[in-house]
There are 2 protein chains.
Amino acid sequence: MEDQSAKKDNVTVQDVAREAGVSASTVSRYLTGVTGVSKIKQEAISRAIELLNFTPNVLAQSLKTGSTKTIGIITQDLGSPFFGEELKGVEHAISGTGYALLIVSGHWQSREEKDHAELLIGRRVDGIIIFTTTSSDKQILALSRQVPVVITGRRLDAMPRALGLAVDNELAAYEATRYLLSQGHRRIAHICGRLGQPDAEERLQGYKRALKEAGITVDQRLIASGDFTETGGVLAINQLLESRSPFTAIFAANDQSALGARLGLYRRGIRVPEEISLIGFDDLAVSNYMLPPLTTIRQPTFDLGRLAGQTLLSMLQGSTTPVVQPQFELVKRESVRRI
Amino acid sequence: MEDQSAKKDNVTVQDVAREAGVSASTVSRYLTGVTGVSKIKQEAISRAIELLNFTPNVLAQSLKTGSTKTIGIITQDLGSPFFGEELKGVEHAISGTGYALLIVSGHWQSREEKDHAELLIGRRVDGIIIFTTTSSDKQILALSRQVPVVITGRRLDAMPRALGLAVDNELAAYEATRYLLSQGHRRIAHICGRLGQPDAEERLQGYKRALKEAGITVDQRLIASGDFTETGGVLAINQLLESRSPFTAIFAANDQSALGARLGLYRRGIRVPEEISLIGFDDLAVSNYMLPPLTTIRQPTFDLGRLAGQTLLSMLQGSTTPVVQPQFELVKRESVRRI
DNA sequence: TTGTACGCGTTATCAT
DNA sequence: ATGATAACGCGTACAA
């Protein structure tokens with residue numbers, strides 16, 4: 001990682017100044033790129049920095065300037081492929097800007113999310129990005145009085161202090177169900193997301209609306225509980241099968257649920273899509289590797305993260321570019337068949 | 001997130017001291033829990049803190065004490081389920097300790113890993129954890145002269161400055177191949193990991209050793225290149241099939257490769273395990289949801305992260321508990337059949 | 001263009 | 001037990 005010199009890491013601007021034969025403030029000016037340092041001294045300072053292997057102490061800088069060049073991220077589950085992809089998006093957005101990411105997770109607990117938000121505030125992050133918050137809009141707004149906040153998974157506009165980025169979940173779920181309908185399915189089951197979370201609720205609503213508009217009465221026995229996890233998916237299959245209400249298709253609230261459902265079906269010897277059609281939501285990287293590859297509603301997950309990062313960055317600069325909400329897209333693969 | 005009071009966030013120990021009618025140093029003593037603050041003043045300070053909604057400025061604390069209570073993490077890919085699980089382990093290890101995680105990624109580029117390591121150093125992290133480093137032992141050792149380092153995916157013992165945690169990759173790969181052999185397979189293919197990475201190389205060696213010991217000459221046409229990704233897995237299948245050298249089983253260097261291989265096989269109409277047996281490495285959460293569920297070598301991924309976190313923490317405290325290296329385990333599921 | 005002096009918010013040393 | 005004072009490393013108004 002490092003090279004030759006035995007660095008003591010105690011080197012300060014003072015040391016550099018002494019070595020270069022200038023004052024500390026001149027070194028500071030050189031560092032911050034402010035106007036007015038003569039060519040000769042610039043080179044002397046540059047050499048001294050090289051020689052002493054000097055690295056500015058970011059803490060001292062932050063203490064002085066009030067900016068830590070750090071963005072706090074609250075995710076609900078560090079192991080989730082969905083949040084992982086969003087994380088990559090943010091990372092991409094801030095790469096090269098000198099910003100760093102302080103990452104915590106709320107584990108779907110409002111209390112933990114709140115505590116961790118305070119941890120981030122205590123560390124004086126310049127802004128916070130929350131992936132799928134478990135808090136209410138009101139709480140987010142309160143938080144945003146302390147520091148700019150961008151959330152994903154829920155729409156919200158309180159610029160320039162807070163912004164929520166999300167696809168239209170209700171409409172997307174409506175479209176997913178409509179697609180199943182268009183393929184001749186009439187008895188369509190739904191595996192819910194984590195109820196209580198707006199995105200899960202909205203997807204359920206979209207599902208119901210599509211059914212109603214098609215003149216189909218919603219059958220409660222075809223609505224299985226879930227929690228956005230694979231395990232929840234297999235449990236939902238059990239629930240659905242035990243209800244003894246027949247169905248030919250399933251709309252899962254997310255791909256992870258769909259993956260679990262797929263295994264549950266496999267265990268019972270039920271073929272997809274021959275006997276049951278399956279559609280998911282998110283389009284995770286692995287969904288294309290499922291057997292059969294999963295038909296799903298694509299969320300631009302990476303872009304969602306990138307957009308969140310870019311937006312927060314521009315909020316920090318005070319610029320106020322109008323943001324466009326991300327759009328979903330139906331990705332037709334092989335897990336749905338016409339009947 | 002927040003509650004009532006309109007906090008101005010400029011509140012310092014000075015303000016608290018004034019409000020409580022004591023000196024700043026007494027407030028500091030109260031904060032750090034050092035001996036010697038009278039009950040009466042303790043309560044006065046406590047009240048003042050509550051009233052002013054005071055939060056200590058961690059930056060100033062760090063500047064003064066020299067410890068940032070922050071651990072830097074270098075991962076290669078934030079979206080990877082493997083690293084995600086390790087991350088959760090670290091998170092678990094540090095939860096409740098007051099430490100926070102500054103996370104960057106190297107994207108499998110040595111150069112980027114080095115730059116990001118320096119970013120972390122510049123931010124004065126107390127220690128660094130690297131998931132599957134792309135650097136040489138020598139470089140790791142150099143880095144460890146600046147700050148304690150724990151790496152995973154490769155064994156290394158340079159306590160108390162640096163430690164590498166990993167399962168015995170060569171042995172694990174040997175066992176995986178032996179298992180295939182025990183099931184009657186003689187023509188076994190291997191999908192490599194990212195060659196150049198010690199863990200990938202060691203797995204390849206273990207595969208070869210098992211073959212040789214069984215009196216089977218290694219067929220280069222059955223060794224396909226890969227890079228630990230799903231895409232690499234499907235590409236490897238193409239490569240293997242084009243070589244026209246028959247095989248009845250595949251040992252993939254990791255589960256992601258196995259997942260890609262599974263899709264590649266599916267595309268060609270080749271059944272698993274009826275026609276081809278498949279074994280992976282890692283035991284990702286999704287591997288249990290593959291069709292058929294994947295037989296694989298289980299790495300205690302979460303525990304690897306947890307162990308890394310715990311070890312680093314104890315290094316920071318100067319304590320030197322001897323660490324035990326993590327162990328792998330063969331998980332038999334349904335992707336391998338006896339022939 | 002350059003240097004001096006001061007302050008960011010905290011902790012630690014030293015008296016008292 | 002408590003308070004005044006210095007110091008952590010840096011940026012910046014001000015003066016030169």
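Each chain gets a letter, A, B and so on, in the order the sequences are listed, and its residues count up from 1. As a basis for the values below, the full set of heavy atoms in this structure was taken, side chains included, without hydrogen atoms, waters or symmetry mates.
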Taking the axis from the first five pairs and the axis from the last five, what angle separates them in the helix from dT1(C)-dA16(D) to dT16(C)-dA1(D), rounded to 10 degrees?
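Comparing the first five pairs with the last five, the axes sit 40° apart.
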
Please examine the side chains of [Y] and [X], heavy atoms only from C-beta on, and report whether any two atoms are closer than 4.5 Å.
X	Y	result
Val58(A)	Arg124(B)	no
Leu163(A)	Val323(A)	yes
Asp115(B)	Arg111(B)	yes

Not counting sequence neighbours, list each pair that qualifies as a ring pair (Phe, Tyr, Trp, His ring centres under 6.0 Å) and has a residue in residues 51-92 of chain A.
His92(A)-Phe302(A)

Please report, rounded to the nearest Å, how far the [atom2] atom of [N] is from the [atom1] atom of [X].
X	N	atom1	atom2	value
Asn57(A)	dG9(C)	CG	P	17 Å
Leu31(B)	dT10(C)	CG	C1'	9 Å
Arg18(A)	dC10(D)	CZ	P	12 Å
Leu59(B)	dG7(C)	CG	C1'	15 Å

Tabulate atom names and distances for all N/O pairs under 3.5 angstrom spanning the protein and nucleotides 1-5 of chain C.
unit_1	atom_1	unit_2	atom_2	d
dT2(C)	OP1	Ser38(A)	OG	2.6
dT2(C)	OP2	Ser38(A)	N	2.7
dT2(C)	OP2	Ser38(A)	OG	3.2
dG3(C)	OP2	Ser23(A)	N	3.0
dG3(C)	OP2	Ser23(A)	OG	3.2
dG3(C)	OP2	Thr26(A)	OG1	2.7
dG3(C)	N7	Arg29(A)	NH2	2.7
dG3(C)	O6	Arg29(A)	NH1	3.2
dT4(C)	O4	Ser25(A)	OG	3.3

Regarding [X], tell me which of base, sugar-phosphate or nothing describes its non-hydrogen contacts under 4.0 Å with the strands shown.
X	result
Gln14(A)	nothing
Ser28(A)	base
Tyr30(A)	nothing

Which residue pairs pass the salt bridge (Lys or Arg N to Asp or Glu O under 4.0 Å) test when at least one of the two sits in residues 67-86 of chain A, sequence neighbours left out?
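The answer is Asp77(A)-Lys88(B).
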
Throw together a table of side-chain donor-acceptor distances under 3.5 angstrom for residues 13-24 of chain B, partners on residues two or more places apart or in other chains.
unit_1	atom_1	unit_2	atom_2	d
Asp15(B)	OD1	Arg18(B)	NH1	3.3
Asp15(B)	OD2	Thr12(B)	N	2.8
Ser23(B)	OG	Ser25(B)	N	3.4
Ser23(B)	OG	Ser25(B)	OG	3.2
Ser23(B)	OG	Thr26(B)	N	3.4
Ser23(B)	OG	Thr26(B)	OG1	3.3

For Pro81(A), all residues meeting side-chain contact (heavy atoms from CB on, under 4.5 Å), sequence neighbours excluded:
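With neighbours one apart ignored, the set is Gln256(A), Leu284(A).
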
Which heavy atom of Leu141(B) sits nearest to which heavy atom of Ala158(B), and what is that distance?
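It is CD1-CB, 3.8 Å.
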
Nearest to the side chain of Leu63(A), which nucleotide is it out of dG11(D), dG9(D), dT10(C)?
dG9(D)

Are any of Gln61(B)'s side-chain N or O atoms less than 4.0 Å away from OP1 or OP2 of dT11(C)?
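For dT11(C), OP1/OP2 do have a side-chain N/O of Gln61(B) under 4.0 Å.
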
Per the atom types in the model, does the base of dA12(C) pair as donor or acceptor with the side chain of Lys64(B) at under 3.5 Å?
no

Please say whether more than 12 non-hydrogen atoms of neighbouring residues, nucleotides or ligands are located less than 6.0 Å from CD in Glu50(B).
no

